[in-house]
Amino acid sequence: MARFFKQFYLAIILIFMYLPIGALILFSFNESKSMATWTGFSTHWYEQLFHDPIIAEALWVTISVALLSALIATVIGTFAVIGMDSLRKKTKGVVLNLTYVPMVNADIVMGISLLLLFIFLNIPRGYWTMLLAHITFNIPYVIFSVLPKMRQMDRSTYEAALDMGAKPSEAVRKVVFPQIMPGIVTGFILAFTMSFDDFMISFFTTQGTTQNLSIYIYSMARVGINPMINALSAIMFVVVIVLLIVVNVRSTKKPKRTLQREY
Amino acid sequence: MEHVIDFKNVYKEFDGVDVLSNINLYIKQNEFMTLLGPSGCGKTTMLRIIGGFEEPTGGNVLLFGENIKGVPPYKRRVNTVFQRYALFPHLNVFENIAFGLKLKKTEKSVIKKRVEDMLKLVGLKNYGDRDVSRLSGGQQQRIAIARALVNEPEVLLLDEPLGALDLKFRQGMQLELKRMQKSLGITFVYVTHDQEEALTMSDAIAVMDEGVIQQVGTPEQIYNEPRNSFVADFIGESNIIDGIMKADYLVHFAGNDFKCLDRGFNENEPVRVVVRPEDIEITRGIKDGMITGTVTSTLFMGVHYEIRLDGKNGFEWLVHSTDQFQIGEEVGFILEPNDIHVMEASSYDNVRIDDMEAV
């Protein structure tokens, strides 16, 4: 009985969490335009999706911003971690906590403050402001992915490299990077994911014709629910979930090379 | 002989705390010099200063007579074997050893030969393509030594390299290191807190405590003629008794006058007397003139018994004996002049004993 309730409890939680998404994905394959009744299976809405030039444009914006912002944030974040490593303990704690704030800060606060900043600096909002905003909120994710790898690393390997005659830049390139690379890759994927599904901050840092998929879905939904939204949301959900699974698998994997060889 | 390394009035502070104060030490060519002391005594800091990972706050360090202030580690002709080996986990054994040679753009065939020679030297032939994380502690340690030696350093710095190994293996490695040092003719600077290790391997030992060099000398000098009670206590077990120097060759302690081999103290100068437990031979047949005491504990140590005696004046004697005694037994012993070593009541010393004798 207790066992039954335990599993029942878990099931309720999972249903609670995944039912809306399940319904969304299910109805994205619905034949009719109805959001309430199932009339039959069809990939019709997906086909329509791929023939919509505005969506194609939004997809391009989403992916290019996600890639660029993740890439730039990864470079900045990684060097930040390497730099922070040589800070004193106290300073490091302060810097880390400062870095942590944007991660827990409400998106709307971040969005509005960026909006105000761009207005104040008289920067026209569009693709580039969105990219800047995404780089900003992505950096902490990279830092918090790379940092554990940096902590795991034996610091004296860096000194050993210098000892063998490596210049500091060579030591970082040949000894530090390879050891923290798993964290860097994880950070990149995580940053890509965060950028890919961001709505709030993108919404406030762009105007007019520049829109990513989230903004496009939002504007479509305001006009009236179209099953194309379901299809688009379903695709976004799948992309994000796949990337998050990759991140999780990577971070639970053993840190060392797992090559099994017999001697 | 040429001085390879000279510390001249070196001091170092971290956040206002003195880690090294006024260090003066030289290390000779082809010498096996051990920096010995408890953790936090500054020995590793000295090694890191030679390696270039720390800069002294004041004073100068000379390497082959040249001031190495500001010279980065990668430009120094020294190599280090780090405490936990610091092997590169993303590289295999061969790549680890070849790391320094590749940086110097050495020709591939030369690298191959030299790495293989090194592997042979440390007894790990054919281990080249193994993953370093799959080696045992002892093997990793050998790779770390090979990786440092392949660069043909003029000085090899070793930071407690045997600390993580088990006793039996450690003793084997001690002999091997000593053999390598002799056959390669490289100056070794070796950091350890293990006094036995220091006595076994070193040509010279610098005993350190609280950032100060307490005594420098050969293992025999350090053991037989400790300069102060810290050295006496740290190097082996000993009985340290307060006494008074009555005259040259005559010292008073534990209620008696004893003949000794020491001179040069002032009359009635307070001194400390060191008696090594293995120099005391106790007997049940108590005679006049013997120091007597009651056995309070005995501990079997394998080769000998460690016996504690409750002597007169409340002094507790530590004695090593191959014979067994019972708790409560009355025993006595005689101290011969060469069992007694007299030290100044307190002295910190930066001078090597061999220099003192030359003066």
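Each chain gets a letter, A, B and so on, in the order the sequences are listed, and its residues count up from 1.
Interatomic distance, CG of A/Asn138 versus CD1 of A/Ile143, reported as 11.0 Å (0.5 Å rounding).
Counting heavy-atom pairs closer than 4.5 Å to chain A, the top residue among B/Arg84, B/Arg147, B/Gln83 is B/Arg147. Ranking B/Thr80, B/Val78, B/Asn151 against chain A, the residue ahead of the rest is B/Thr80, based on heavy-atom pairs under 4.5 Å.
For chain B, the nearby part of A/Glu170 is the side chain; its heavy atoms alone come within less than 4.5 Å. Proximity to chain A (any heavy atom under 4.5 Å) is shown, for B/Asn79, by both the backbone and the side chain. Neither the backbone nor the side chain of B/Leu101 comes within contact range of chain A, judged by heavy atoms closer than 4.5 Å. With a 4.5 angstrom heavy-atom cutoff, B/Asp159 does not touch chain A via any of its atoms. Contacts between B/Lys75 and chain A at a heavy-atom distance below 4.5 Å are absent for every atom of the residue. Of the two parts of A/Asp154, only the side chain, counted from C-beta on, holds a non-hydrogen atom closer than 4.5 Å to a non-hydrogen atom of chain B.
Side-chain contact of A/His134 with A/Ser202: a donor-acceptor pair under 3.5 Å is present, judged by distance alone.
In summary, B/Asp15 and A/Arg88 engage in a salt bridge, as defined by a charged side-chain N under 4.0 Å from a carboxylate O.
Relative orientation of the B/Phe99 and B/Phe88 rings is tilted, given thresholds of 30° and 60° on the angle between their planes.
Geometrically, A/Arg173 does not engage A/Phe177 in a cation-pi contact defined by less than 6.0 Å to the ring centre and at most 45° from the axis.
Heavy atoms of other residues, nucleotides or ligands lying less than 6.0 angstrom from NZ of B/Lys113 number 12 at most.
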